[in-house]
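The structure under discussion appears below in the form of structure tokens.
Values below: every heavy atom of this structure, side chains too, minus hydrogens, waters and symmetry copies. Bear in mind that the values here come from a model prediction, so they are computed numbers and not experimental data. Order of the sequence lines sets the chain letters (A, B, ...), proteins ahead of strands, with each chain counted from 1.
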Amino acid sequence: MTVKKHETPLLDELEKGPWPSFVKEIKKEGEHNAMSNDVLGILERSYEEHISHWKHGGIVGVMSYGGGVIGRYSDLPEEFPNVDMFHTVRVNQPSAWFYDTKSLRHLCDVWEKHGSGVTNMHGSTGDIVFLGCKTEALEPLFAELSAEHDDLPSFDLGGSGSNMRTPSCCVGPARCEWACYDTLDACYNITQEFQDELHRPFFPYKYKFKFAGCPNDCVASIARSDCSVMGVWKDDIQVDNAKVAEYDANGTDVQTEVCDLCPTRCMEWDGKTLDIDNANCVKCMHCINLMPKALKPGKERGATILIGGKAPIIGGALLCSVFVPFLEMNPEDDYEDLKELTEAIWDLWGEHGKNRERTGEFIQRVGLSNFLEEIGLDPVPEMVMHPRTNPYIFFDDEIFE
Amino acid sequence: MTVKKHETPLLDELEKGPWPSFVKEIKKEGEHNAMSNDVLGILERSYEEHISHWKHGGIVGVMSYGGGVIGRYSDLPEEFPNVDMFHTVRVNQPSAWFYDTKSLRHLCDVWEKHGSGVTNMHGSTGDIVFLGCKTEALEPLFAELSAEHDDLPSFDLGGSGSNMRTPSCCVGPARCEWACYDTLDACYNITQEFQDELHRPFFPYKYKFKFAGCPNDCVASIARSDCSVMGVWKDDIQVDNAKVAEYDANGTDVQTEVCDLCPTRCMEWDGKTLDIDNANCVKCMHCINLMPKALKPGKERGATILIGGKAPIIGGALLCSVFVPFLEMNPEDDYEDLKELTEAIWDLWGEHGKNRERTGEFIQRVGLSNFLEEIGLDPVPEMVMHPRTNPYIFFDDEIFE
Amino acid sequence: MPEFERRTDIGPPNYKQFLPEVIKKNYGKWDYHEIVKPGVMVHVAESGDKLFTVRCATPRLLAITSIRKFCDIADKYCDGHIRWTSRNNVEFLIPDEANVEPLIKEVEEYGFPIGGLGAKLSNIVHTQGWVHCHSSASDASGVVKSVMDELFPYFTGEKDLPAKTRIAYACCLNMCGAVHCSDIAILGVHTRAPVIDHDDLPKVCEIPNLIASCPTGAIRPATVDGKQSVEIIEDQCMYCGNCYTVCPAVHINNAQTDGISIWVGGKVSNSRIAPKFSKLAIPFIPNNPPRWPEVVEAVKNILETYAENARKHERMAEWIDRIGWPKFFELIGQEFTKYHIDDFTHAGETYNRTSQLRH
Amino acid sequence: MPEFERRTDIGPPNYKQFLPEVIKKNYGKWDYHEIVKPGVMVHVAESGDKLFTVRCATPRLLAITSIRKFCDIADKYCDGHIRWTSRNNVEFLIPDEANVEPLIKEVEEYGFPIGGLGAKLSNIVHTQGWVHCHSSASDASGVVKSVMDELFPYFTGEKDLPAKTRIAYACCLNMCGAVHCSDIAILGVHTRAPVIDHDDLPKVCEIPNLIASCPTGAIRPATVDGKQSVEIIEDQCMYCGNCYTVCPAVHINNAQTDGISIWVGGKVSNSRIAPKFSKLAIPFIPNNPPRWPEVVEAVKNILETYAENARKHERMAEWIDRIGWPKFFELIGQEFTKYHIDDFTHAGETYNRTSQLRH
Ligand code: SRM
Ligand code: SRM
Ligand code: SRM
Ligand code: SRM
Ligand code: SF4
Ligand code: SF4
Ligand code: SF4
Ligand code: SF4
Ligand code: SF4
Ligand code: SF4
Ligand code: SF4
Ligand code: SF4
């Protein structure tokens with residue numbers, strides 16, 4: 001089908017320049033897709049007027065799900081009738097965003113049929129985002145995605161609203177030598193385990209998982225999730241001194257670039273051997289990052305579990321804080337400990353959390369000690385930067401025993 | 001006069017051991033002073049019962065003063081009649097606690113005549129503390145202290161209650177090579193300037209000054225005063241390289257003990273010259289402390305003014321924070337800037353501070369920016385460890401200009 | 001019976017089916033990696049197998065047309081496999097080294113640049129903006145495009161940086177782009193209190209919830225010409241938009257006063273120093289579409305000041321730690337204002353409580 | 001007319017009259033100093049003049065008898081001048097080196113030890129305790145005496161320390177001893193909610209003020225057998241004593257439940273690291289007069305663990321920073337409990353928000 005193009009002088013400016021242009025992308029579909037064409041028109045209007053023309057999205061979605069679709073309506077339905085509704089559909093991505101072309105083409109075909117043909121690869125939480133779909137197209141789209149196909153994978157929706165959000169993970173063992181556990185498997189396993197929590201909002205607010213294979217945290221888990229599963233090792237860094245010497249010979253000044261930048265200065269380099277005081281290594285990754293051929297994480301591997309990260313709404317942004325310094329993460333036991341911890345947190349937060357109160361804020365409100373007591377975790381010094389400085393201690397009778 | 005001694009088996013235990021004994025001290029007076037004798041008795045009772053036998057002190061003091069005396073009554077007046085009243089009198093100490101023996105003996109004589117003969121040299125704020133005095137003795141004691149004497153100095157009372165408290169200062173230029181301004185003179189000058197504020201409680205709560213000649217802060221000004229006047233220099237550290245080499249030769253490893261412990265690592269030592277990147281020196285004093293013969297503070301000297309330090313009551317303890325990074329402190333101009341700043345702070349806090357709200361807490365409640373605007377001080381980055389991290393900014397219209 | 005049998009709670013497809021052979025074989029057995037040229041790295045497995053990765057920028061907003069083109073390329077050079085990164089770049093996974101250059105040629109011809117690996121500027125994590133979101137104080141894609149056009153050489157590797165540099169963009173305080181921990185963060189800000197539609201309000205939202213939604217207590221009940229409604233005390237409002245999110249009758253977008261703020265010195269990784277929040281650098285820059293020249297200039301200035309002054313391996317935060325904030329503001333030529341001083345819940349914890357200062 | 005003419009607002013005497021000649025002459029012109037032996041240092045002026053200082057411990061609580069004795073000694077060896085330090089030690093200022101040893105001999109014979117200079121343990125800054133204060137949860141002088149008897153060699157210099165070490169004592173949360181920034185802090189604590197005397201209350205205090213005085217809002221109005229009074233919600237009380245301070249009818253002292261807590265890692269100077277607050281090490285030790293053996297043992301254990309493990313020039317805080325809190329608790333053999341985790345206003349700022357951990 002052909003569509004009547006809008007004049008977009010302002011947006012056209014954004015077709016220029018070396019960086020790939022989102023305007024060109026929209027136009028690629030706008031050529032033949034009325035929705036993407038109208039979205040150009042309404043966007044041009046925003047560029048003229050310096051304001052968004054999207055209104056609050058009411059509750060739209062697919063049957064029996066409470067999330068996965070973000071409703072969106074425009075405030076200029078007459079002028080841009082094809083985007084009077086322009087909902088986004090969040091499709092749960094595969095672990096670490098791996099695809100084969102067959103499945104990817106399938107997704108394109110389905111989206112072409114039911115929506116704007118414009119996507120986000122990917123949304124900030126990790127989902128495949130189908131950008132712009134009418135209400136009546138939601139069910140057919142979902143049916144075609146989720147149905148069984150002979151030689152094609154089926155897809156499900158991701159999360160939105162007050163539920164568990166789509167977990168994501170770093171490329172990990174698939175293509176990274178530093179992965180301390182199988183991030184892809186853990187992400188997949190947890191996502192499958194908590195399908196109900198992902199699709200039906202029963203929580204006070206959203207809850208996000210992110211799986212990073214090591215402390216480099218390539219999925220920003222500590223900042224962008226309520227539960228950060230951060231790979232780490234317990235034993236000594238594996239050192240190949242010959243290779244360290246090679247790096248030293250080939251442009252890496254091991255003393256100044258490696259040793260001197262170690263946060264605990266726990267390394268010594270005499271030109272031959274790199275002597276690491278592993279007891280004082282805080283597993284920051286720096287030395288390993290600089291010399292991948294020479295150094296590797298230790299062999300006793302697992303993850304540190306950190307809880308409570310989030311953006312500023314409404315008490316101010318939070319980074320996750322340490323809950324379990326070291327947890328085994330082997331697929332064999334099906335991540336039982338992580339699941340138990342998660343359910344204990346959800347039960348408590350679910351019962352006592354206020355509406356729109358994230359875990360991080362909830363923990364601060366009730367106090368970490370009380371929170372730990374309730375979920376049955378013992379306090380350890382790793383959980384704090386330092387013990388309390390104020391003397392306002394609530395003493396139990398136990399102190400007199 | 002002779003007094004009937006109390007049995008003090010528990011306190012007697014504290015006469016043993018190498019450290020000078022406060023029990024011996026009290027007994028020295030108890031021999032002939034009924035008050036000090038009874039204080040032993042009542043103290044022994046506290047040791048038996050694990051509890052204080054002092055009650056809330058009502059308002060007692062000398063005419064026309066609102067402070068300087070801490071009223072104290074015992075809850076065992078029948079058993080220990082001589083300490084039914086046991087007020088403390090705070091006598092304003094001379095700068096840096098210097099005395100000549102004549103004046104000191106005079107103080108002893110006066111105190112022997114009017115009170116227990118037991119003192120604190122000195123109270124935590126800095127005063128000479130006369131420990132234990134009856135209400136009726138207060139006026140005669142004060143009269144004898146404050147009256148003019150031919151060849152003896154006169155003394156005045158220090159502060160207590162919601163007023164300016166007795167300022168104190170480090171030994172500074174009197175016996176320290178590092179003093180960046182005249183702490184003794186500044187302390188004396190400020191104390192004299194604000195006699196009314198010292199003696200008559202018009203403030204929401206107490207306000208303390210402490211004067212330290214350099215960042216070593218030998219009077220703990222940053223932690224124990226509302227206004228910390230901390231000596232500092234602006235220009236380059238004075239270096240005598242020959243002497244640095246001497247230290248290096250005589251047991252101080254300049255590299256590891258000096259350079260490596262510099263907080264900004266802004267020093268380099270090649271065995272001959274100590275090269276200091278003064279632009280990155282944060283004037284922490286460490287290198288100077290270690291090599292007093294070789295290094296000295298620069299020549300452009302003054303003080304950093306920090307505000308708002310206090311103990312925990314009630315919002316939690318606070319350290320002072322930077323208000324004026326560098327202020328000239330020369331006696332010539334009579335410390336005008338410091339006095340102006342002080343009065344501006346007192347005016348604002350005096351008008352808007354809540355009852356029992358220290359400056360530090362007040363500043364946090366109203367916000368540093370608002371506080372600065374009110375007292376007419378421009379914000380500078382030195383005032384904060386880092387700019388805000390939360391996006392909750394109150395914007396004025398000025399941003400649109 | 002419908003064409004397709006809908007199913008629920010099946011979850012995402014199992015990732016295993018999407019892994020290329022070389023990965024299946026060497027899964028978890030990678031030995032090391034090397035950056036062979038800008039935008040290209042090779043991972044070498046314990047088995048000796050090699051996997052070349054070509055990282056290609058995307059605007060994140062992608063037409064299916066482009067995705068299909070990527071598929072064609074992947075079929076040709078990558079045994080039909082492809083992945084995306086956590087920063088919205090595409091990674092072509094190439095088992096056969098010979099295919100690296102032809103692939104690059106084809107990808108670049110199609111208009112997608114190669115780069116963003118190692119100590120470079122990667123893609124800008126960003127959000128919806130005017131393309132799709134109702135909260136946006138500015139557009140996302142347009143600002144990102146304008147900034148990256150200007151900083152292009154730092155992505156391709158023509159120009160060097162001391163360390164990995166991450167720029168993020170979010171169009172409102174909700175910070176979907178998680179700009180709160182980026183080397184440079186570009187944040188859309190509303191700067192005026194929301195306006196209330198008193199006719200709609202009673203119909204579309206619950207007044208108690210609305211009042212409770214305000215962290216500063218700026219919202220109080222009011223009766224406006226007879227109707228039950230609320231009023232906002234302007235002075236107490238810091239434009240967080242929370243009330244707007246919970247109630248459709250509240251309108252926060254404002255064409256005149258919405259704009260952009262710039263933040264610096266955040267980081268996520270635990271490498272060397274702990275993760276850090278971004279700190280306010282420039283409080284407000286008005287919206288100036290289509291190319292936001294003032295924003296582009298500000299970001300470029302900060303990035304290049306950093307590039308010139310920071311030491312090797314120093315992230316933005318580490319560099320500023322070393323030189324101090326006063327010097328930072330001096331170097332970027334930005335005045336330090338009252339807006340830079342925190343006045344939220346834990347403000348006091350940011351006051352400078354030591355005399356350690358550079359004079 | 002009375003014997004003496006009282007005068008007001010004359011202020012303290014001018015310090016100048018109290019300065020010894022050698023100081024008057026070299027005021028502000030000191031060149032350097034050296035510690036010649038434990039407790040003795042010499043300051044050398046640019047003029048070449050020397051001033052020897054002998055530092056002598058006192059219990060702070062001094063009888064005029066002792067002060068007069070100090071005067072005799074000062075007359076004999078110090079040209080009649082003497083000073084006290086900010087930590088309640090006496091400093092004898094000796095222009096003539098020959099007088100140093102005789103003075104020391106005489107002072108020590110009188111029972112006052114010499115020391116506390118340099119990298120040693122100095123006197124314990126402390127407070128009133130049961131000797132004079134109504135708020136005290138424990139005695140001050142008795143605890144100080146008991147601790148210093150045990151740590152004596154660290155004051156005299158017989159035993160070495162890595163750096164200056166400051167111990168402070170305060171008998172209640174008002175912290176008159178400013179224990180909030182000490183290497184080791186000993187703090188008297190009340191551990192139970194105050195009890196109210198409902199008969200007195202209406203007479204001696206204003207109920208609104210009393211209610212307002214409670215930071216946790218634990219106090220609420222109540223009518224107790226007809227009388228206007230207040231009640232304290234035990235669970236909300238953290239025993240700060242603020243209500244007690246403002247109202248005489250509130251009684252917080254409790255012979256059974258008052259006791260002592262131990263804090264570590266505070267410092268004041270800006271040397272090397274910024275000033276730091278003391279952190280909780282041991283939540284509670286019951287009162288055990290006359291010599292508080294458990295407190296003495298705990299303090300000694302911490303000091304000696306520090307002395308054994310810290311590097312030269314490391315203050316307690318720097319040492320703990322280096323080894324980490326988990327190791328510190330392990331070394332002193334103290335269990336980490338829920339009491340150690342902050343739950344006051346800025347608690348969240350103390351949570352550990354990085355994965356940087358020792359494993
Ligand atoms: C689509 C997406 C942005 C994007 O362009 O990628 C997005 C879009 C919205 N986010 Fe978000 N958030 C998205 C990832 C995030 C992230 C990043 C992340 O998950 O890693 C964050 C920060 C991390 C976090 O969770 O704190 C984020 C923090 C928020 C917040 C603030 C939450 C907080 O606790 O501070 C809100 C406000 C709210 O929940 O009402 C919000 C709300 C919204 C809403 C639903 C607007 C609203 O007021 O309800 C946006 C819908 C826009 C639209 O029209 O499509 N969004 N949001 C991301 C989800 C796509 C996906 O599923 O993959
Ligand atoms: C005598 C002295 C302790 C000593 O043994 O040396 C002292 C004794 C009292 N102080 Fe103090 N304070 C003394 C120095 C301090 C210091 C240290 C300093 O000034 O360097 C502090 C901590 C620094 C500060 O000011 O914050 C201090 C912080 C307090 C506080 C808590 C103030 C706060 O903001 O947190 C209180 C509570 C109050 O003011 O009601 C207090 C209250 C008291 C009272 C008046 C008790 C009360 O509830 O009213 C004590 C009277 C005891 C008595 O019976 O004699 N005292 N007080 C010190 C004054 C002697 C002198 O004038 O030289
Ligand atoms: C592909 C990706 C993971 C994924 O599953 O998608 C990835 C892959 C790698 N990261 Fe990453 N990181 C990826 C996002 C991140 C993020 C998250 C983010 O940017 O939002 C971070 C945290 C950033 C931050 O701290 O703000 C991140 C912090 C690191 C670091 C630590 C850098 C530092 O010193 O702070 C390293 C180590 C290094 O670069 O030496 C690292 C190293 C690597 C290595 C070298 C790991 C390896 O051996 O394969 C990978 C490729 C090199 C490179 O330079 O990108 N990766 N990496 C992500 C690529 C994003 C992109 O397209 O640019
Ligand atoms: C006499 C006195 C000042 C006064 O006017 O009374 C004083 C005098 C000196 N101090 Fe001090 N300080 C005095 C209390 C303090 C305090 C305050 C306190 O302890 O409450 C501090 C802060 C303590 C803290 O940080 O917790 C203090 C932190 C220092 C420092 C920094 C030490 C460090 O590295 O943290 C130095 C430098 C050094 O020792 O190398 C120093 C150095 C000195 C020097 C060497 C200065 C000089 O050249 O004369 C003086 C004698 C040496 C010494 O070791 O004591 N002085 N000094 C105080 C003696 C108290 C006592 O009897 O022990
Ligand atoms: S987080 Fe660690 S394991 Fe995962 S991709 Fe990044 S560097 Fe590799
Ligand atoms: S990982 Fe980090 S902390 Fe551990 S040795 Fe390497 S640089 Fe040091
Ligand atoms: S504070 Fe500085 S000037 Fe004052 S005595 Fe201490 S070291 Fe000397
Ligand atoms: S004073 Fe401190 S900061 Fe300055 S050079 Fe010396 S050690 Fe470094
Ligand atoms: S940041 Fe704000 S405006 Fe942008 S997508 Fe998220 S919620 Fe919408
Ligand atoms: S924008 Fe935020 S601060 Fe302003 S009224 Fe709404 S909720 Fe309150
Ligand atoms: S610390 Fe408490 S008990 Fe001790 S003197 Fe001060 S106010 Fe009294
Ligand atoms: S002691 Fe403190 S917390 Fe307890 S009731 Fe009194 S004021 Fe409130």
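The aromatic ring centroids of A:Phe400 and D:Phe284 lie less than 6.0 Å from each other.
Within the 4.5 Å cutoff, side-chain heavy atoms of A:Thr264 are placed close to those of D:Arg358. With contacts defined as side-chain heavy-atom distances shorter than 4.5 Å, the pair A:His386/D:Phe277 does not qualify. D:Asn352 is not listed as a side-chain neighbour of A:Ser321, based on a closest heavy-atom distance of 4.5 Å or more. Proximity of A:Pro387 to D:Trp263: side-chain heavy atoms (C-beta onward) are nowhere separated by under 4.5 Å. With a 4.5 Å cut-off on side-chain heavy atoms, A:Met383 and D:Trp325 do not count as touching. Contact check for D:Lys338 versus A:Glu373: side-chain heavy atoms found under the 4.5 Å cut-off. For the pair D:Lys279 and A:Arg388, the minimum side-chain heavy-atom distance is 4.5 Å or more.
When each of A:Cys266, A:Ala279, A:Gly367 is scored by its heavy-atom pairs under 4.5 Å with chain D, the top score falls to A:Ala279.
Between atom CG of residue A:Asn390 and atom CG of residue D:Asp342 there is a gap of 4.5 Å, rounded to the nearest 0.5 Å.
Salt-bridge check for D:Asp343 with A:Arg365: failed, with every basic side-chain N at 4.0 Å or more from each acidic carboxylate O.
Ring geometry, A:Tyr392 versus D:Phe344: the interplanar angle exceeds 60°, so the pair is classed perpendicular (tilted spans 30 to 60°).
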